[in-house]
Amino acid sequence: MKDLKLIREEIDEIDRQMVALYEERMRRTTEVARYKLSVGMPVLDKVREQEKLKAVKACAEEKENGYDIGELFGQIMTMSRKRQYHLMNAQGQGQSQGFSQVGSLPFSTHKVVYQGVEGAYSQQAMKAYFGEGVDSFHVDTWRDAMEAIQSHKADYAVLPIENSSAGIVGENFDLLVEYGAYIVAEQTIKAEHALLALPGAGLGDIRRVYSHPQALMQSVDFLDAHPEWERISVKNTAGAAKKILEDGKKYQAAIASPVTADIYGLEILRRNINYSDENSTRFIIVSGEKICLDTADRISICFEASHESGALYHVLSHLIFNHMNMVKIESRPIKDKSFEYRFFVDLEGNLKDGAVQNALRGVEDEALYLKVLGNY
């Protein structure tokens with residue numbers, strides 16, 4: 001049996017040879033990239049890659065090594081493609097994804113739509129971003145808001161996209177893809193839930209509570225202390241407050257923002273009933289125009305990966321290689337495709353950055369579908 005020290009020295013020598021061969025291969029990769037640039041060939045050639053992987057696996061003397069060799073060369077070819085993308089970008093063939101970069105968003109003449117009724121958190125987010133004097137109107141559903149953008153009845157829509165405690169608003173991710181709209185800004189609003197009822201009502205009168213499902217969930221600790229109360233979901237919190245006023249029943253209450261108490265003439269029975277003091281909702285400002293600020297530092301994308309082993313890794317590897325910070329990733333089921341998913345990713349960066357263009361070019365070639373949802 002060989003001495004362990006000697007075995008390790010032999011491995012070190014093999015590794016040095018592998019490094020030298022890898023560097024030599026990458027020099028050939030640069031030559032390939034230059035040729036492709038000169039004739040306008042795409043970087044990714046899936047047929048060629050599959051043929052190559054099959055050939056190298058067949059070279060294995062020990063059959064059990066075939067799979068591992070395929071994995072190794074798959075990684076090498078991925079790194080080779082990334083090197084080629086980098087060279088293309090350095091040669092001025094980067095991609096801006098078709099966005100127009102502006103110094104400021106065109107807000108001088110605009111109309112904004114939000115979902116809900118007066119007092120809704122969406123309205124509060126709208127006013128926080130656009131100001132109190134904003135020309136606005138409201139609609140019943142998030143889809144209605146997107147329809148207003150598509151039909152040019154509104155220039156911007158304000159939509160909730162994520163809550164710090166309840167998670168994402170999945171439907172609005174799907175609507176961004178369906179309607180081809182773009183995120184141009186974001187606004188975060190702290191959610192302060194209160195229990196509202198008709199003037200003169202007390203906690204002992206309450207038998208039924210209305211609110212949006214997320215507000216009910218965010219107030220679960222308070223509600224669990226009153227198990228006898230029936231909990232009923234409605235479209236939004238402000239709509240719940242409006243219903244209490246219109247129904248005129250003392251035994252009904254709403255969970256909504258304290259702002260709505262003044263709007264609808266209700267009394268606040270309890271303040272701050274949501275279980276987290278840090279509970280906040282992130283809203284996105286959506287436009288039908290493909291524009292972004294030249295100082296934007298957050299990018300939202302969505303993509304679909306092939307339904308096979310390693311596909312998601314190979315897509316995300318382009319972000320890693322280009323040193324991009326992935327802020328979050330979410331998945332949503334794709335309609336009419338059982339157990340297949342569309343991925344939504346938030347990144348730090350600006351579309352004019354070379355590393356960003358390099359990464360997105362790689363993702364676009366690797367994925368079945370890519371859409372940049374916005375840079376804001």
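Throughout, residue positions are numbered sequentially from 1 according to the sequence presented. Values below: every heavy atom of this structure, side chains too, minus hydrogens, waters and symmetry copies.
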Does a donor on one side chain sit under 3.5 Å from an acceptor on the other, for Glu348 and Asn325?
yes
Is it the case that the side chains of Gln75 and Tyr313 hold a donor-acceptor pair, with the cut-off being a distance below 3.5 Å and no angle test?
yes
What's the shortest heavy-atom distance between Ala194 and Arg271, and which atoms?
CB-CA, 4.2 Å
Search all heavy atoms of Ile149 against all heavy atoms of Ser287 and return the closest pair with its distance.
CG2-C, 4.1 Å
Under a 4.5 Å cut-off applied to non-hydrogen side-chain atoms, are Trp142 and Pro160 in contact?
yes
Relative to the ring of His226, is the ring of Phe222 parallel (under 30°), tilted (30 to 60°) or perpendicular (over 60°)?
tilted
Give a yes or no on whether Lys328 atom NZ has more than 12 heavy-atom contacts from other residues, nucleotides or ligands under 6.0 Å away.
yes
Could you please spell out the steps behind the salt bridge (Lys or Arg N to Asp or Glu O under 4.0 Å) verdict for Glu246 and Lys243?
CA-CA 5 Å; Glu246 292 174 345; Lys243 178 177 175 58; over 6 Å; no
Quick one: does Glu192's side chain get under 4.5 Å of Ser257's, heavy atoms only?
no
Atom NZ of Lys335 and atom CZ of Arg342: how far apart are they, to the nearest 0.5 Å?
11.0 Å
Is it true that Tyr114 and Ile285 fall in one hydrophobic cluster, defined by side-chain heavy atoms closer than 4.5 Å?
yes
Treating Thr237 as the side-chain partner and Ala256 as the backbone partner, does any N or O pair qualify as donor plus acceptor under 3.5 Å?
no
Quick one: which of Ile168, Leu176, Asp174, Val169 gives a side chain to side chain contact (heavy atoms under 4.5 Å, CB included) with Asn172?
Val169
Is the closest basic N to carboxylate O distance between Arg282 and Asp346 below 4.0 Å?
yes
If we only count heavy atoms from C-beta on, is the Met77 to Leu53 side-chain gap below 4.5 Å?
yes
Separation between CD1 (Ile189) and OG (Ser280), nearest 0.5 Å, reads 9.5 Å
Please enumerate all residues that pass side chain to side chain contact (heavy atoms under 4.5 Å, CB included) together with Ile329, with sequence neighbours excluded.
Leu316, Met326, Phe343, Val345
Do the side chains of Asp294 and Lys352 get close enough for a salt bridge, i.e. N-O under 4.0 angstrom?
no
Let me confirm one number: the CG-NZ distance from Asp205 to Lys249, rounded to the nearest 0.5 Å.
14.5 Å
Strictly distance-based, threshold 3.5 Å: is any side-chain N or O of Ser219 a donor or acceptor partner for the main-chain N or O of Ala215?
yes
Is there side-chain contact between Tyr121 and Phe283, with heavy atoms separated by less than 4.5 Å?
yes
Measure the shortest side-chain to side-chain distance between Leu360 and Val372 over non-hydrogen atoms and say whether it is less than 4.5 angstrom.
yes
Gap between atom CZ of Arg231 and atom CD1 of Ile255 - 0.5 Å precision
8.5 Å
Shortest non-hydrogen pair, Ala145 vs Val139, comes out as N-CG2, 3.6 Å
Check this for me, if you would: do Asp135 and Lys111 make a salt bridge, where the nitrogen-to-carboxylate-oxygen distance has to be below 4.0 angstrom?
yes
Using a strict 4.0 Å threshold on nitrogen-to-oxygen distance, state whether Arg81 and Glu366 make a salt bridge.
yes
Any Lys/Arg nitrogen of Arg27 or Glu31 sitting under 4.0 Å from an Asp/Glu carboxylate oxygen of the other?
no
Nearest-0.5 Å distance, CG of residue Asp15 to CZ of residue Arg8
12.5 Å
Pair Arg143 + Glu178, salt bridge at N-O below 4.0 Å:
yes
Is there a donor-acceptor contact under 3.5 Å from the side chain of Asp68 to the main chain of Asn65?
no
May I ask you to decide if Lys127's main-chain N or O and Glu132's side chain share a donor-acceptor pair within less than 3.5 Å?
no
Under 4.0 Å between a Lys/Arg side-chain N and an Asp/Glu carboxylate O for Arg48 and Glu51?
no
Are there over 12 heavy-atom neighbours, none belonging to Glu61, within less than 6.0 Å of that residue's CD?
no
If you count the non-hydrogen atoms of other residues, nucleotides and ligands that lie under 6.0 Å from CE in Met26, is the total more than 12?
yes
Could Glu147 and Lys153 be called an ion pair, given the rule that one side-chain N must be under 4.0 Å from one carboxylate O?
no
Show the nearest heavy-atom pair for residues Ala201 and Ala197, with the distance to one decimal.
CB-CB, 4.0 Å
Looking just at side-chain N and O atoms, do Gln84 and Thr29 make a donor-acceptor pair shorter than 3.5 Å?
no
Find out whether Lys235 and His212 are in side-chain contact, i.e. whether some heavy atom of one side chain is under 4.5 Å from a heavy atom of the other.
no
Joint hydrophobic cluster, Tyr251 plus Ile244, side-chain heavy atoms closer than 4.5 Å
no
Tell me whether the NZ or CZ atom of Arg298 lies within the 45° cone about the ring axis of Tyr376 and under 6.0 Å from its centre.
no
Pairwise salt bridge (Lys or Arg N to Asp or Glu O under 4.0 Å) hits with a residue in residues 367-376, at least two apart
none
Can a donor-acceptor pair be found, under 3.5 Å and without considering hydrogens, that links the side chain of Asn274 to the backbone of His193?
yes
Does any N or O in the side chain of Asn322 come within less than 3.5 Å of the main-chain N or O of His318, such that one atom is a donor and the other an acceptor?
yes
Does the side chain of Ser233 come within less than 4.5 Å of Leu216's, by heavy atoms?
yes
Are the side chain of Asp353 and the backbone of Asn350 linked by a donor-acceptor contact shorter than 3.5 Å?
yes
Under a 3.5 Å threshold, yes or no: a donor from one side chain and an acceptor from the other, between Gln218 and Asn163?
yes
Of the non-hydrogen atoms in Ser317 and Thr78, which two are nearest, and what is the gap between them?
OG-CG2, 3.7 Å
Is the gap between the ring centers of Phe130 and Tyr156 under 6.0 Å?
yes
Are Ile183 and Leu105 connected, step by step, through hydrophobic side chains (Ile, Leu, Val, Met, Phe, Trp, Tyr) whose heavy atoms are closer than 4.5 Å?
no
Could you please spell out the steps behind the side-chain hydrogen bond (donor to acceptor under 3.5 Å, both in side chains) verdict for Glu289 and Tyr182?
CA-CA 7 Å; Glu289 302 296 322; Tyr182 302 95; over 6 Å; no
Are Leu44 and Leu87 connected, step by step, through hydrophobic side chains (Ile, Leu, Val, Met, Phe, Trp, Tyr) whose heavy atoms are closer than 4.5 Å?
yes
CD1 on Ile11 to CG on Leu6, rounded to 0.5 Å:
10.0 Å
Between Gln150 and Tyr179: side-chain donor-acceptor atoms closer than 3.5 Å:
no
With heavy-atom distances below 4.5 Å as the criterion, would you say the side chains of Ile301 and Phe303 are in contact?
yes
So, does Gln101 use its side chain to make a donor-acceptor pair with the main chain of Cys292 at under 3.5 Å?
no
Would a distance-only check, ignoring hydrogens and angles, find a side-chain to backbone donor-acceptor pair under 3.5 Å from Gln124 to Gly119?
yes
Search all heavy atoms of Val286 against all heavy atoms of Ala181 and return the closest pair with its distance.
CG1-CB, 3.3 Å
Paired with Leu195, the side chain to side chain contact (heavy atoms under 4.5 Å, CB included) test is passed by just one of Leu203, Leu223, Ile268, namely Leu203
Using a 3.5 Å distance criterion without hydrogens, assess whether the side chain of Asn236 forms a donor-acceptor pair with backbone atoms of Gly239.
yes
